[in-house]
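Presented below is the structure to which this report refers.
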Protein chains: 2
Amino acid sequence: MTKPRASVTIRDVARRAGVSVATVSRYINKTGPVSKAVGERLDAVMEELHYVPHAAARKLATHKTFTIGLLLSDIGGDFFAPLLRGIEDVLASHGYDLLIASTRKPRRWHGKSLPVGPHNTDGILGFADSLDEDHLRRLMAQHFPLVLIHRTPPPDLPIPCVTIENKAAAHAMTSHLIEQHRRRRIVFLQGPPGEEDSHWREIGYRRALADHGIPFDPGLVMRGDFDRDVAFATIEAALRQGIAFDAVFAGDDESAEGVLAALHVHGIAVPEEIAVVGFDDQRMSPYLTPPLTTVRAPTEMVGRHAAQRLIELIRDGTTELMTLLPTQLVIRRSCGCPDRGGDDS
Amino acid sequence: MTKPRASVTIRDVARRAGVSVATVSRYINKTGPVSKAVGERLDAVMEELHYVPHAAARKLATHKTFTIGLLLSDIGGDFFAPLLRGIEDVLASHGYDLLIASTRKPRRWHGKSLPVGPHNTDGILGFADSLDEDHLRRLMAQHFPLVLIHRTPPPDLPIPCVTIENKAAAHAMTSHLIEQHRRRRIVFLQGPPGEEDSHWREIGYRRALADHGIPFDPGLVMRGDFDRDVAFATIEAALRQGIAFDAVFAGDDESAEGVLAALHVHGIAVPEEIAVVGFDDQRMSPYLTPPLTTVRAPTEMVGRHAAQRLIELIRDGTTELMTLLPTQLVIRRSCGCPDRGGDDS
DNA sequence: CCTGAGGATGTAACCGGTTACATTGTACCC
DNA sequence: GGGTACAATGTAACCGGTTACATCCTCAGG
């Protein structure tokens, strides 16, 4: 019923083939010479017995797990699928397994010990704020391979990270609104407090204002939390207070959706009265009304690069510290540009 | 540089605390009596040494990995994020780790041996067609815990599975088109060949036709492959051939998107001339033009139930064989129903 | 005072691989 | 013919935990 405990071990294979376990191990791992005849016999025996080496035993003996851990602060969202696909694809092609740990609540592990680490993986990928600074310092102290995704490390910690070009894109987007569409009072909707992408996007926004001689008005920077409903409420409040603005640069597409909804219920025309742009280019963005002008984030590439960096770090002990992937403006209609027909999707 | 091999073992802890390894192990696992005084000393020492038990060693000794494997035929898409979230959440709450193996190409492992199995996990979750029938038989023969997701096992294999109510929903959706919107020539767009969800949806569709006395026309069943572009091409071809139809039941929302696009470029009014409905209720579906009437699939719940079933199977050696989760019609505009304003999102 | 029960702890075998080292055999070269 | 090099293989220790079993101690009951 429960456990026939029939698991086949390397000794069973060795006995059946009339050789020693060392020979079997060497043959499997190509780690020493084995005669052709014995090799063939082993192939046959292993096939016959359905032998599969026990991962834990191997890990214990070699101190290599060939597993990497991925820490996510929140699984779900459009973000996650392409990121994972990129990571998984690269890892698989190098023979690594992927162990995932996630949480609904951001910062679940802050202060606690991590579910992945030296005891069960060869290295870890940490997304955004999934790890706190203590974790980073401890892991570095142990020389444990670690790569951050969408997050830069504290200045004194040389931890490789992979993230996207936020500032330049935000600058370009803001400049587009100013130059092409003559907007001057542009609201910026921030992400959650401390969110790094949002931080850089805001910097780019401010820089663009400065570069065009538009004074920065702190009253135009509002909370969006990368959340549809928060953004909706924020814009409603702004309208009610009579704050004047002619464009909204939402921190991400999620909040842009809320902005569009709020303007819609108030009967304000987009883009004629108020232009709206976002960031990320999510799946639904082309279908919003009007189609959302935004910035495409190469999320799958982020995953691929992060995995690549980590593997190099494990193998060579070193890799590039900073990988910044390019982003790209996606002009649709919500900024005021004309319909360009069969756009991408 | 490379490996300071400074890993702290249970013997280090034992020595430092002046007790034997057995005592330490017993204390950690609460598997035998340990005096209060020693317990406190051990707590202190473990904290001081940052001791974390080595997972592989424990697994080897206990023959329990506390890890489950998830096999995906293709990661990515709106589908996976909620599914994974559900799985991860339940597993984590029971102390299980999640090992993921995926592929871009469907059926990558068909005929080959699997990346997860008895050698590295306590049980596996298999999504749709990720495993072939040989895999299923072999795993069953070894009594290895296995739960299928969005797939039912061959009739002679008692493998638990978790899937959604496709037939009843498809029946209800088709009936809605017939009864509420007087449609009689309804195209059904199939998923990829062999896709099980699609199969049941088609059964529901046919049953509804029969129940309303509408003769089944095989010429109205076409390929959609759950793919936007395939669906687009199929509808274009149908229009060009002059096939008469007044509604399209797309096998999923992805293909419904293609249908809408094709009808749009041909200047056909939806829903006035042709009604369109889908299945899944993806993120973008409310934003299509017109907003898509579809069926909501409780994907996160599927993940939760599957994980729950597997854990029961591992713990108790048995669980329910079939879990069928309810789906729900989501009426929007593409079927011809009037706008109901602030719909869900 | 002796005995038995049970609490607290230690000793050592074991899980299933890997690998350093030893051993044997054969071919090759001088 | 003797020595060397190297291919092919075996022996046994080791990785870091768990756990069956043995030991020792204390305390209650007769």
Side-chain angles (χ1 to χ4, degrees), chain A residues 3-43 45-46 49-67 97 117-122 142, chain B residues 3-43 45-46 49-67 97 117-122 142:
Chain A
K3 295 290 145 55
R5 245 324 101 238
S7 80
V8 182
T9 78
I10 196 172
R11 293 176 224 266
D12 297 324
V13 175
R15 191 175 322 123
R16 193 92 168 76
V19 299
S20 74
V21 293
T23 300
V24 181
S25 176
R26 276 190 292 254
Y27 181 64
I28 292 176
N29 303 302
K30 310 282 171 233
T31 179
V34 172
S35 72
K36 193 113 186 302
V38 172
E40 282 164 8
R41 188 134 36 91
L42 285 177
D43 278 331
V45 171
M46 288 167 59
L49 265 41
H50 295 132
Y51 171 68
V52 180
H54 193 292
R58 180 175 285 182
K59 289 172 186 177
L60 181 56
T62 59
H63 283 285
K64 286 280 298 172
T65 66
F66 277 101
T67 300
D97 287 332
H119 61 292
N120 59 0
T121 52
D122 291 346
Q142 303 177 240
Chain B
K3 295 291 146 52
R5 246 321 101 240
S7 80
V8 182
T9 77
I10 196 173
R11 295 177 222 264
D12 297 326
V13 174
R15 192 174 321 123
R16 192 93 167 75
V19 299
S20 74
V21 293
T23 300
V24 180
S25 176
R26 276 190 292 254
Y27 180 64
I28 292 174
N29 303 303
K30 310 280 171 235
T31 180
V34 172
S35 71
K36 194 114 186 302
V38 172
E40 283 164 6
R41 188 134 36 90
L42 284 176
D43 278 331
V45 170
M46 289 168 59
L49 265 40
H50 295 133
Y51 171 68
V52 180
H54 193 293
R58 180 176 288 183
K59 289 171 186 178
L60 181 56
T62 59
H63 283 284
K64 287 280 299 174
T65 66
F66 277 101
T67 300
D97 287 332
H119 61 292
N120 60 1
T121 52
D122 291 345
Q142 303 177 240

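A, B, ... follow the sequence lines: proteins, then strands. Residue 1 opens every chain. The figures here come from the full heavy-atom set of this structure, side chains too, leaving out hydrogens, waters and symmetry mates.
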With sugar-phosphate meaning primed atoms plus P, OP1 and OP2, does [X] contact a base, only sugar-phosphate, or nothing at under 4.0 Å between heavy atoms?
X	answer
B/Ser25	base
B/Gly18	sugar-phosphate
A/Pro33	base

Starting the side chain at C-beta, find the nucleotide from [options] nearest to [X].
X	options	value
A/Thr62	C/dT19, C/dT9, C/dG17	C/dT19
B/Ser35	C/dT18, C/dT9, C/dT19	C/dT9
A/Ala22	D/dG17, C/dG10, C/dT19	C/dT19
B/Arg26	C/dT9, C/dA20, C/dG17	C/dT9

Specify the separation, in whole Å, of atom [atom1] of [X] and atom [atom2] of [N].
X	N	atom1	atom2	result
A/Leu49	C/dG16	CG	C1'	15 Å
B/Asp12	D/dG16	CG	C1'	10 Å
B/His63	D/dG17	NE2	P	17 Å
A/Arg11	D/dG10	CZ	C1'	13 Å
B/Leu60	C/dT18	CG	C1'	12 Å
B/Lys59	D/dC15	NZ	C1'	15 Å
B/Arg41	C/dA8	CZ	P	14 Å
A/Ile10	C/dT19	CD1	P	11 Å

Under 4.0 Å between a side-chain N or O of [X] and OP1 or OP2 of [N]?
X	N	answer
B/Ser20	C/dG10	yes
A/Arg58	C/dG16	no
B/Ser7	D/dG16	yes
A/Thr23	D/dA8	no
A/Tyr27	C/dG17	no

Distance (rounded to the nearest 0.5 Å) between B/Arg58 CZ and B/Leu60 CG: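 B/Arg58 CZ to B/Leu60 CG: 13.0 Å, rounded to 0.5 Å.
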Between CG on residue A/Asn120 and CZ on residue B/Phe66, distance to nearest 0.5 Å: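 Rounded to the nearest 0.5 Å, the CG-CZ separation comes out at 14.0 Å.
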First of B/Gly32 and A/Val24 reached from the 5' end of DNA chain C, by closest nucleotide: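 Per heavy-atom nearest nucleotide, the more 5' residue is B/Gly32.
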List the atom of [X], the atom of [Y], and the distance in Å for their closest heavy-atom pair.
X	Y	answer
A/Arg41	A/Gly18	NH1-N, 4.5 Å
B/Asp43	B/Tyr27	OD2-OH, 2.8 Å
A/Arg26	A/Gly32	CD-CA, 3.9 Å
A/Pro53	B/His119	O-CB, 3.3 Å

Closest-nucleotide 5' rank along DNA chain D - winner of A/Val21 and B/Tyr51: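 The 5'-side residue here is A/Val21.
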